[in-house]
Amino acid sequence: AIVSLLAAQLPGDPCPGVVLVFHDVTDLRRLENIRQEFVSNVSHELKTPLTSIQAYAETLLSGAIDDPDHNRKFLKGIEEQATRLHALILDLLRISRIESGADTFEVSTVPLVETVELCIREHAAICNTKSIQLSMQTHTGEIYVLADPEGLQTILNNLIDNAINYTPSGGQVSVDWAVQNSMVSIKVKDTGIGIPKDHQKRVFERFYRVDKARSREMGGTGLGLSIVKHLAQEFGGEAEVNSEPGQGSTFTVRLPLAQNEKKLGFQKIQAA
Ligand code: ADP
């Protein structure tokens, strides 16, 4: 706490007094620490690919450019690191827009089944290359959730990307859903490496990774799950994980079911 000392004398009171004012700055300090940690994380995340790009470029300029065996490899390295920087900056912009409330969401009745089909199609090629079986539950009809169409795609794509990245070849990734009361539970399940219990709560934090090296190798930014959680909360839902190391993980996102809202059409809301 910070203490301010004020000399005070009430009108008509012959004795001067002293007023001590205690300001509780715990929350301010905590916010300042979070901000500092965020800036330090961002700087570190930007520095790593930039240092690699610099090293590749220097090696090329100091002669490797004339060596046909090496120049392609180094140029490929530059391209990969630049792609990583690009992904990181896009994720950072997204998270800062959501957190500052600058993002407006077109919350409408979004067709869940159609959106899952779209995201599955987008991942078909990579699953083929990695020999991962990607499937969605069989369904009889469309289900509508209350969300922003692009936001729902981001949620599904981030979860499917992770499921594929953290599942070895020969594994399975599936997407299914169930209606429970006025919510829809969407589950992205994999048979991958899993997440140890003590890490499970923290994986939704910005930049938190169980294995930093592995995440970077996969091109991860460390922001995917925090974006998922933020978006789910913006739409009035939530996100959670259940996992068994060595067995796989199930990420569940619950979103409000669109029932009567179907007739209302679009409703623009400001991120809280
Ligand atoms: P990243 O870009 O590192 O994947 P995320 O925010 O998407 O960042 O995920 C945070 C961390 O959670 C990952 O680095 C990884 O350690 C863990 N993780 C996320 N999804 C899975 C999964 N399906 N299986 C195992 N670990 C996962």
Side-chain angles (χ1 to χ4, degrees), residues 32-100 102 119 121-132 134 150 153-154 157-171 173 190 192-196 199 202-228 230 245 249:
E32 183 53 21
N33 285 346
I34 292 174
R35 197 190 64 80
Q36 270 173 9
E37 198 186 316
F38 182 64
V39 170
S40 131
N41 274 326
V42 171
S43 317
H44 183 74
E45 294 299 326
L46 291 172
K47 210 173 121 206
T48 314
L50 272 175
T51 309
S52 301
I53 290 175
Q54 210 171 10
Y56 284 132
E58 273 169 19
T59 318
L60 280 168
L61 287 170
S62 59
I65 198 153
D66 301 316
D67 174 354
D69 284 343
H70 284 103
N71 60 14
R72 247 198 117 66
K73 193 172 124 207
F74 292 137
L75 284 170
K76 187 97 195 97
I78 291 179
E79 193 202 21
E80 278 168 13
Q81 296 303 320
T83 306
R84 214 181 113 190
L85 272 179
H86 189 230
L88 178 64
I89 287 164
L90 287 183
D91 275 358
L92 278 172
L93 285 174
R94 182 179 276 272
I95 213 147
S96 101
R97 281 206 320 264
I98 299 174
E99 285 189 357
S100 69
C119 297
R121 272 201 305 278
E122 280 177 13
H123 288 88
I126 178 80
C127 283
N128 234 343
T129 318
K130 276 197 74 179
S131 300
I132 285 177
L134 176 62
E150 211 190 295
Q153 275 180 47
T154 304
N157 281 333
N158 285 2
L159 294 179
I160 298 172
D161 276 346
N162 280 349
I164 296 169
N165 281 342
Y166 299 103
T167 298
S169 285
V173 174
D190 66 61
I193 60 171
I195 303 168
H199 291 272
R202 301 204 61 193
V203 290
F204 291 98
E205 290 172 19
R206 296 180 302 200
F207 295 118
Y208 191 84
R209 287 125 155 174
V210 178
D211 178 345
K212 271 199 163 64
R214 184 177 177 131
S215 157
R216 293 218 174 97
E217 203 182 298
M218 298 296 170
T221 62
L223 293 171
L225 287 180
S226 64
I227 291 175
V228 166
H230 266 100
S249 309

Discussion item. With a 4.5 Å cut-off on side-chain heavy atoms, are Cys119 and Gln153 touching?
Written reply: yes
Worksheet item: Could you go step by step and tell me if Ser169 and Ile132 meet the side-chain contact (heavy atoms from CB on, under 4.5 Å) rule?
Response: CA-CA 6 Å; Ser169 285; Ile132 285 177; 5.7 Å; no
Worksheet item: Is there a side-chain contact between Val210 and Pro196, using heavy atoms and a 4.5 Å cut-off?
Response: yes
Fill in: From CG (Leu60) to CG (Asp67), nearest 0.5 Å
10.0 Å
Item to complete: Evaluate the side-chain proximity of Thr167 to Ile193: yes if any heavy-atom separation is below 4.5 Å, no if none is.
Response: no
Item to complete: Taking all heavy atoms of Leu225 and all of Phe204, pick out the closest pair and write down the distance.
Response: O-CD2, 3.6 Å
Fill in: Donor-acceptor contact below 3.5 Å, side chain Thr129 vs main chain Ala125
yes
Worksheet item: Would you say the side chain of Ser226 lies within less than 4.5 Å of the side chain of Tyr208, judging by non-hydrogen atoms?
Response: no
Discussion item. Are the side chains of Arg84 and Gln81 in contact, using a 4.5 Å heavy-atom criterion?
Written reply: yes
Practice prompt. Measure the spacing between CD of Glu122 and CG of Leu134 and express it to the nearest 0.5 Å.
Written response: 11.5 Å
Fill in: Rounded distance (nearest 0.5 Å) linking atom CZ of Phe207 with atom CG of Leu223
4.5 Å
Discussion item. For the CD atom on Glu150, are there more than 12 heavy atoms of other groups (residues, nucleotides or ligands in this structure) within a distance under 6.0 Å?
Written reply: no
Worksheet entry | Side chain Ser131, main chain Gly170, donor-acceptor under 3.5 Å | no
Item to complete: Answer yes or no: is there a donor N or O on one side and an acceptor on the other, between the side chain of Lys130 and the main chain of Pro168, under 3.5 Å?
Response: no
Worksheet item: Any side-chain heavy atom of Phe74 within less than 4.5 Å of one from Ile53?
Response: no
Worksheet item: Are the side chain of Thr83 and the backbone of Glu79 linked by a donor-acceptor contact shorter than 3.5 Å?
Response: yes
Worksheet entry | N-O pairing of Glu45 and Arg209 below 4.0 Å | yes
Practice prompt. Can you measure from OH (Tyr56) to CG (Asn71) and round to the nearest 0.5 angstrom?
Written response: 13.5 Å
Discussion item. Could you go through Ile65 and Leu61, starting from their C-alpha distance and side-chain angles, then the distance that decides it, and tell me whether this counts as side-chain contact (heavy atoms from CB on, under 4.5 Å)?
Written reply: CA-CA 6 Å; Ile65 198 153; Leu61 287 170; 5.8 Å; no
Practice prompt. Might you point out which heavy atoms bring Ala57 and Ile78 nearest each other, and give the distance in Å?
Written response: N-CD1, 4.1 Å
Worksheet entry | Under the side-chain hydrogen bond (donor to acceptor under 3.5 Å, both in side chains) test, residues paired with Asp91 that sit two or more places apart | Thr221
Worksheet item: Given the rule in the side-chain contact (heavy atoms from CB on, under 4.5 Å) test, do Val203 and Ile195 qualify, once you have shown the distances and angles that lead to the verdict?
Response: CA-CA 9 Å; Val203 290; Ile195 303 168; 4.2 Å; yes
Discussion item. Does any part of the side chain of Arg206, heavy atoms only, come nearer than 4.5 Å to the side chain of Asn41, both counted from C-beta?
Written reply: no
Discussion item. Any heavy-atom pair between the side chains of Thr154 and Arg94 that's under 4.5 Å?
Written reply: yes
Item to complete: Look up atom CG in Leu46 and atom CD1 in Ile89, then write down how far apart they are to the nearest 0.5 Å.
Response: 6.0 Å
Worksheet entry | Distance in Å, Leu75 CG paired with Glu80 CD, rounded so as to fall on 0.5 Å steps | 11.5 Å
